[in-house]
2 protein chains.
Amino acid sequence: MKHSLRMKMNESLFLRDPELSELGKNIIKYSVQLISKQGFESFTFKKLAESIGTTEAGVYRYFENKHRLLVYLISWYWGWLEFQIVFQINNIDDPEKKLQKIITLLSKNIEDDKSTDHVNESLLYQLVISEGSKAYLTNHVKQDNKQHLFKPYKDLCKLIGDIILECNPKYKYSRSLASTIIEMAHLQNFFIQYLPSLTDFAATKSEHDIISFLNHLVFSSIKNAELQQSNKKK
Amino acid sequence: MKHSLRMKMNESLFLRDPELSELGKNIIKYSVQLISKQGFESFTFKKLAESIGTTEAGVYRYFENKHRLLVYLISWYWGWLEFQIVFQINNIDDPEKKLQKIITLLSKNIEDDKSTDHVNESLLYQLVISEGSKAYLTNHVKQDNKQHLFKPYKDLCKLIGDIILECNPKYKYSRSLASTIIEMAHLQNFFIQYLPSLTDFAATKSEHDIISFLNHLVFSSIKNAELQQSNKKK
DNA sequence: CTATTTTTGATAGTTTTACTATCTTTTTAA
DNA sequence: TTAAAAAGATAGTAAAACTATCAAAAATAG
């Protein structure tokens with residue numbers, strides 16, 4: 001039997017729920033294509049409307065502006081990823097193994113998930129790598145945050161943070177380490193593709209190197225209790 | 001005696017060197033003000049021209065477009081920061097102490113440096129925190145990179161990476177760790193200001209916590225030799 | 001199964017942004 | 001002191017980012 005996965009999205013993100021109509025689903029589908037291929041800056045509702053075969057006004061009925069649409073796509077991704085993570089670590093007891101699994105899921109380009117028809121996760125992963133931080137790097141972060149637009153990201157960060165605490169309940173930087181893992185998995189990926197000299201992986205250009213790096217970084221830090229106090233004194 | 005510091009900038013960044021005229025210096029000065037206060041997206045050459053008291057065309061004589069101006073400002077910052085770092089670690093022999101100094105310089109909001117008249121470094125630091133990654137998160141990274149627009153960032157990354165290797169010549173991820181330090185010092189700063197639940201520092205909102213976190217993270221990883229091979233097998 | 005509501009399509013228009021062009025005046029530097 | 005370079009002033013274009021309106025089509029409720 002086939003299962004289909006549906007995210008429940010924050011309603012302030014859209015004017016009309018795009019998952020409830022063909023046009024809406026097309027807006028999602030084609031915006032992922034266009035943004036992942038040409039970048040968010042050169043993406044316009046006009047181009048989107050043309051590639052769908054509707055009009056600009058049609059798109060504006062679903063999304064207030066292109067930034068909201070971007071945040072929608074990215075939130076969708078975080079929600080989807082959290083589900084994948086929860087699913088995949090479900091039967092694992094060892095928190096360290098959980099964390100390793102998470103690092104892998106964050107670092108590896110994913111295949112298109114057939115249970116979500118209108119979203120190509122592989123393209124969406126590239127989109128989140130290149131455009132993800134633009135969701136919050138705006139002068140209206142505070143207002144957006146008040147509307148809980150970043151909840152999926154925060155939830156994921158908390159989930160990972162809590163697993164870090166399972167590994168070492170005395171670790172003091174669980175949230176910051178969690179956000180570091182998330183951001184760095186993506187950013188090292190971006191650097192490998194476009195600015196390889198900012199990484200050590202120019203030769204192989206392999207995600208496995210990112211995974212090794214992050215595992216080493218994360219577990220060294222989590223397991224190292226002694227330094228946590230002493231650094232402050234220096 | 002007063003010293004004045006002058007960065008030599010990549011000439012593809014501008015059409016006319018802004019450091020060589022009053023108008024040019026004003027473009028730098030006021031763009032830092034405007035972008036750091038209102039954000040890059042709402043920044044326009046028209047607003048800039050108005051606040052300087054010149055015209056849009058005047059600004060276009062110096063910079064091709066606002067993205068080039070942004071990259072100019074950010075490159076200037078990386079160049080300036082590298083100088084600060086080289087200056088401050090000059091008499092330090094212990095590479096670990098050097099690295100600690102660097103982490104501190106990256107994480108702490110800086111005071112306005114009087115040796116650079118037309119640039120307010122404190123504002124520029126906020127600008128780099130919020131807009132820094134927009135320099136390279138574009139669909140024209142590759143072309144920009146071919147024009148060496150990101151050289152100052154890469155140079156800094158190499159500088160830090162080399163010091164990491166001084167600490168432990170066998171450490172395998174010096175570049176990636178260096179870019180992680182740079183990015184995270186800024187991003188945790190951003191998160192503290194705008195999305196504190198992504199950090200562990202919501203209570204104190206203090207840069208010192210970021211410094212402690214990064215020190216712990218970095219030195220745990222650098223000093224932990226054993227894990228470097230074993231993780232691959234898992 | 002028809003009447004009513006909702007959604008979409010088609011068209012048009014406004015304001016702002018991102019630029020380009022041109023000409024004149026002022027400043028600078030040989 | 002004169003020519004070259006820079007700055008000021010003005011105008012204009014193309015595209016982006018919306019808003020508005022009205023008719024056609026589709027969904028749905030009674």
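Reckoned from all heavy atoms, side chains included, excluding hydrogens, waters and symmetry mates. Throughout, a chain's letter reflects where its sequence line sits, starting with A, and its residues are numbered from 1.
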Has [X] got a side-chain N or O lying under 4.0 Å from the OP1 or OP2 atom of [N]?
| X | N | result |
| --- | --- | --- |
| Tyr62(A) | dT7(C) | no |
| Arg61(B) | dT20(C) | no |
| Thr54(B) | dG8(D) | yes |

Between [N] atom [atom2] and [X] atom [atom1], what is the distance in whole Å?
| X | N | atom1 | atom2 | answer |
| --- | --- | --- | --- | --- |
| Arg16(B) | dT28(C) | CZ | C1' | 13 Å |
| Phe43(B) | dT16(C) | CZ | P | 18 Å |
| Phe63(B) | dT20(C) | CZ | P | 16 Å |
| Gln38(B) | dT17(C) | CD | P | 11 Å |
| Glu41(A) | dC19(C) | CD | P | 13 Å |
| Lys47(A) | dA16(D) | NZ | C1' | 10 Å |
| His67(B) | dC19(C) | NE2 | C1' | 17 Å |
| Ile52(B) | dA6(D) | CD1 | C1' | 15 Å |

Requested in this report: Please name the residue in the list Phe63(A), Trp78(A), Tyr77(A) that meets the ring pair (Phe, Tyr, Trp, His ring centres under 6.0 Å) test with Tyr72(A).
Outcome: Phe63(A)
Query raised in the report: Under 30°, 30 to 60°, or over 60°: which ring-plane class applies to Phe40(A) and His67(A), parallel, tilted or perpendicular?
Result: perpendicular
Query raised in the report: Checking side chain to side chain contact (heavy atoms under 4.5 Å, CB included) against Leu149(A), which of Leu13(A), Val141(A), Ile74(A) comes through?
Result: Leu13(A)
Query raised in the report: Between Lys66(B) and Ala57(B), who's closer to the 5' end of DNA chain C by nearest nucleotide?
Result: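 The answer here is Lys66(B).
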Report task. Would you mind classifying the nucleic acid contact of Lys46(A) as base, sugar-phosphate or nothing, using non-hydrogen atoms under 4.0 angstrom? Result -> nothing
Query raised in the report: Is Thr55(B) touching bases, backbone alone, or none of the nucleic acid, heavy atoms closer than 4.0 Å?
Result: base
Query raised in the report: Rounded to the nearest 0.5 Å, what separation is found between the NZ atom of Lys29(B) and the CG atom of Asn120(B)?
Result: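 One finds 9.0 Å between NZ of Lys29(B) and CG of Asn120(B).
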Query raised in the report: Pick the nucleotide of DNA chain D nearest each of Gly24(B) and Glu56(B); which residue has the one closer to the 5' end?
Result: Gly24(B)
**Report entry** Leu23(A) side-chain proximity, nearest of dT8(C), dA17(D), dA7(D)
**Finding:** dT8(C)
Requested in this report: Return the nearest nucleotide to the side chain of Tyr60(B); candidates are dT8(C), dT20(C), dA7(D).
Outcome: dT20(C)
Requested in this report: Indicate yes or no: at least one non-hydrogen side-chain atom of Val119(A) is less than 4.5 angstrom from one of Asp113(A).
Outcome: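 Contact flag for Val119(A)/Asp113(A) side chains = no.
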